[in-house]
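Sequence lines set the chain letters: A, B, ... in the order given, protein chains first and strands last, and positions in each chain run from 1.
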Number of protein chains: 2
Amino acid sequence: MPTIESPTATEAPPSGTGLRERKKRETATAIEMAAVDLVARLGLADVTVEAISAQAGVTSRTFFNYYAGKEDAVLGHSRMFPPPSLQRLEFRPGVAILDAVIDALRDEFAAFDFGTKEFQAKRRAILVAHPNLLVSSFQALDGIEVDFALQIERLLGDEGVVPAAERSREAWALVMLVGGVLRLAMHSWSQEEQSGHPLSDHVDIARATILAAARRE
Amino acid sequence: MPTIESPTATEAPPSGTGLRERKKRETATAIEMAAVDLVARLGLADVTVEAISAQAGVTSRTFFNYYAGKEDAVLGHSRMFPPPSLQRLEFRPGVAILDAVIDALRDEFAAFDFGTKEFQAKRRAILVAHPNLLVSSFQALDGIEVDFALQIERLLGDEGVVPAAERSREAWALVMLVGGVLRLAMHSWSQEEQSGHPLSDHVDIARATILAAARRE
DNA sequence: CACGATTCTTGCATACCGTGAAACTTTTCT
DNA sequence: AGAAAAGTTTCACGGTATGCAAGAATCGTG
């Protein structure tokens with residue numbers, strides 16, 4: 001081995017190790033910043049991938065290696081980094097599955113609050129001007145819902161309340177509920193005047209609101 | 001008046017009158033049929049707009065007059081005919097707003113069941129192979145959600161239960177709930193083996209499932 | 001039915017999108 | 001240092017989507 005091993009590094013470093021990984025992250029955020037900046041100033045339609053790439057200092061071909069299009073770049077959904085998964089989520093008695101799933105997704109949402117206040121404000125403005133972007137946000141990220149449904153079905157099995165025959169339908173219902181909660185949270189977050197509460201607060205309120213609405217009927 | 005009035009036609013015919021309107025509908029369904037047929041056989045990626053247009057007997061330029069892309073053509077979301085609106089929906093005491101809204105959208109869903117059994121089966125197969133299409137289906141149809149939220153807010157005002165300050169949030173929560181119900185219905189409909197129950201049945205089941213899931217927490 | 005007005009289709013031109021393949025550069029590992 | 005792995009660039013290409021102007025079909029009216 002050439003260099004001295006970093007201490008407590010026997011465990012495989014999952015990310016952030018090495019220059020390569022760091023540069024990848026830098027490129028990803030550079031593109032994301034450029035995309036948010038340009039789209040906030042000119043509008044989604046009047047910004048080309050080429051312009052974003054130029055401002056980020058890469059070729060447009062590289063852009064497409066990271067993001068599938070402007071929309072994903074604005075939202076920060078890079079192809080290079082895996083989408084969230086519920087694989088490691090375990091059932092805990094006393095914790096509602098809906099809550100467990102939403103909590104598990106908090107980290108993903110935290111990424112939306114990264115950067116300066118100005119940056120967040122720009123992104124919020126974009127989401128106000130282009131509400132359709134919210135749809136693809138944290139929902140239907142290319143089959144992610146299927147994974148979610150399977151994992152939730154597994155949790156339902158561990159819970160043991162819902163009969164096996166109903167679990168798939170029930171799991172998909174929960175997926176749709178979670179999706180609704182997250183989208184509502186994104187909506188109120190984007191509508192908020194000035195930079196206010198973090199997204200996680202909006203998630204809590206959104207969950208309470210949707211559950212209350214469902215119970216009112 | 002040039003021609004003899006058709007009997008019982010004192011009421012303004014809202015649609016389907018005239019040769020022009022009929023031809024428009026014919027062209028729209030011709031494109032839709034061609035799109036579903038080709039995509040079912042070759043897959044979404046291997047079908048070009050040009051191929052769909054050719055099979056439908058129009059130019060690709062005309063195709064784009066009717067649909068924004070293959071996806072919309074497969075789903076039957078034509079630009080020529082306005083998306084559903086809740087403008088005319090009125091509050092009725094004793095009828096839950098969620099139910100009223102869903103009922104009002106039934107007609108749109110009926111359109112999904114049109115055509116031969118084979119045609120419906122083809123479309124179901126497409127939706128199984130391309131679950132992402134479901135996302136854009138009856139949700140976020142280019143700002144339709146904003147209209148929905150406003151109309152639901154109006155209904156909430158007529159109902160008079162929710163305080164005014166909470167109505168917007170509540171309305172959006174209902175929008176997300178309705179969206180979840182419709183998407184769940186579409187999902188189970190598309191997953192169904194063989195041509196089975198009409199979509200409206202799936203809507204009823206989906207609504208019950210989601211509300212039950214929300215109440216279980 | 002004949003006329004103008006409206007509406008839809010078409011063809012052309014154009015810009016952008018998104019991907020594959022091969023050459024080249026940078027990082028990693030030993 | 002040198003080979004292997006990973007990332008970027010260049011080039012090429014087909015598909016997507018829209019604007020515009022000319023032409024054809026339909027509608028309303030006298």
Worked check of side-chain contact (heavy atoms from CB on, under 4.5 Å) between B:H202 and B:Q191: CA-CA 11 Å; B:H202 288 276; B:Q191 294 290 329; over 6 Å; no
From CA spacing to verdict: ring-ring contact (aromatic ring centres under 6.0 Å, His included), A:W189, A:F109: CA-CA 11 Å; A:W189 176 78; A:F109 270 77; 9.0 Å; no
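At whole-Å resolution of the value, CD in A:E26 and P in D:dT8 are 11 Å apart. When the C1' atom of D:dA5 is taken as reference, atom CE of A:M80 falls 13 Å away, rounded to whole Å. The CG atom of A:D46 sits 17 Å away from the P atom of D:dA17 (whole-angstrom rounding). In this entry the distance linking CG of B:L44 with C1' of D:dT16 reads 13 Å, nearest Å. Atom pair B:F64:CZ and C:dC17:C1' shows a separation of 12 Å (rounding to whole Å applied). Note: CZ (B:F63) to C1' (D:dG19) measures 18 Å, nearest angstrom. Rounded to whole angstrom, the span from the CZ atom of A:R22 across to the P atom of C:dT27 amounts to 9 Å. When the P atom of D:dC13 is taken as reference, atom CD of B:E50 falls 18 Å away, rounded to whole Å.
Distances shown here put every side-chain N or O of B:T62 at or beyond 4.0 Å from the OP1 or OP2 atom of C:dT9. The phosphate of C:dG11 (OP1 or OP2) has a side-chain N or O of B:T59 nearer than 4.0 angstrom. For D:dT8, the OP1/OP2 oxygens have a side-chain nitrogen or oxygen of A:Y66 closer than 4.0 Å.
Here B:R207 pairs with B:D99 in a salt bridge; the nearest charged N to carboxylate O distance falls below 4.0 Å.
For B:E50, the CD atom is loosely surrounded, since the number of other residues' heavy atoms within 6.0 Å does not exceed 12. Heavy atoms from other residues, nucleotides or ligands lying under 6.0 Å from CD of B:E90 number 12 at most. Annotation: A:R92, atom CZ; neighbour count of heavy atoms from other residues, nucleotides and ligands within 6.0 Å does not exceed 12.
With C:dC16, C:dT9, D:dT16 as the candidates, the nucleotide lying closest to the side chain of A:T48 is C:dC16. Checking C:dC17, D:dT8, D:dT10 against every side-chain atom of A:R61, the shortest atom distance belongs to D:dT10. Checking C:dT19, D:dT8, D:dG7 against the side-chain heavy atoms of A:R79 singles out C:dT19 as nearest.
The 5' end of DNA chain D is approached more closely, in terms of each residue's nearest nucleotide, by A:N65 than by the other of B:A68 and A:N65.
Judged by distance alone, with hydrogens and angles left aside, the side-chain atoms of A:E192 form a donor-acceptor pair with the main-chain N or O of A:H197 at under 3.5 Å. A:S78 places a side-chain N or O within donor-acceptor distance of the main-chain N or O of A:M80, the cut-off being under 3.5 Å.
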N/O to N/O distances under 3.5 Å, protein versus nucleotides 22-26 of chain C:
from: C:dT26; atom 1: O2; to: A:R20; atom 2: NH2; distance (Å): 3.3

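Each end of the helix from C:dC1-D:dG30 to C:dT30-D:dA1 yields a helix axis from five base pairs, and these two axes differ in direction by 40° (to the nearest 10 degrees).
Tested against B:R106 for a salt bridge (Lys or Arg N to Asp or Glu O under 4.0 Å), the candidates B:D113, B:D201, B:D204 yield a single pass: B:D204.
Rounding to the nearest 0.5 Å places CG of A:L19 at 12.0 Å from NZ of A:K24.
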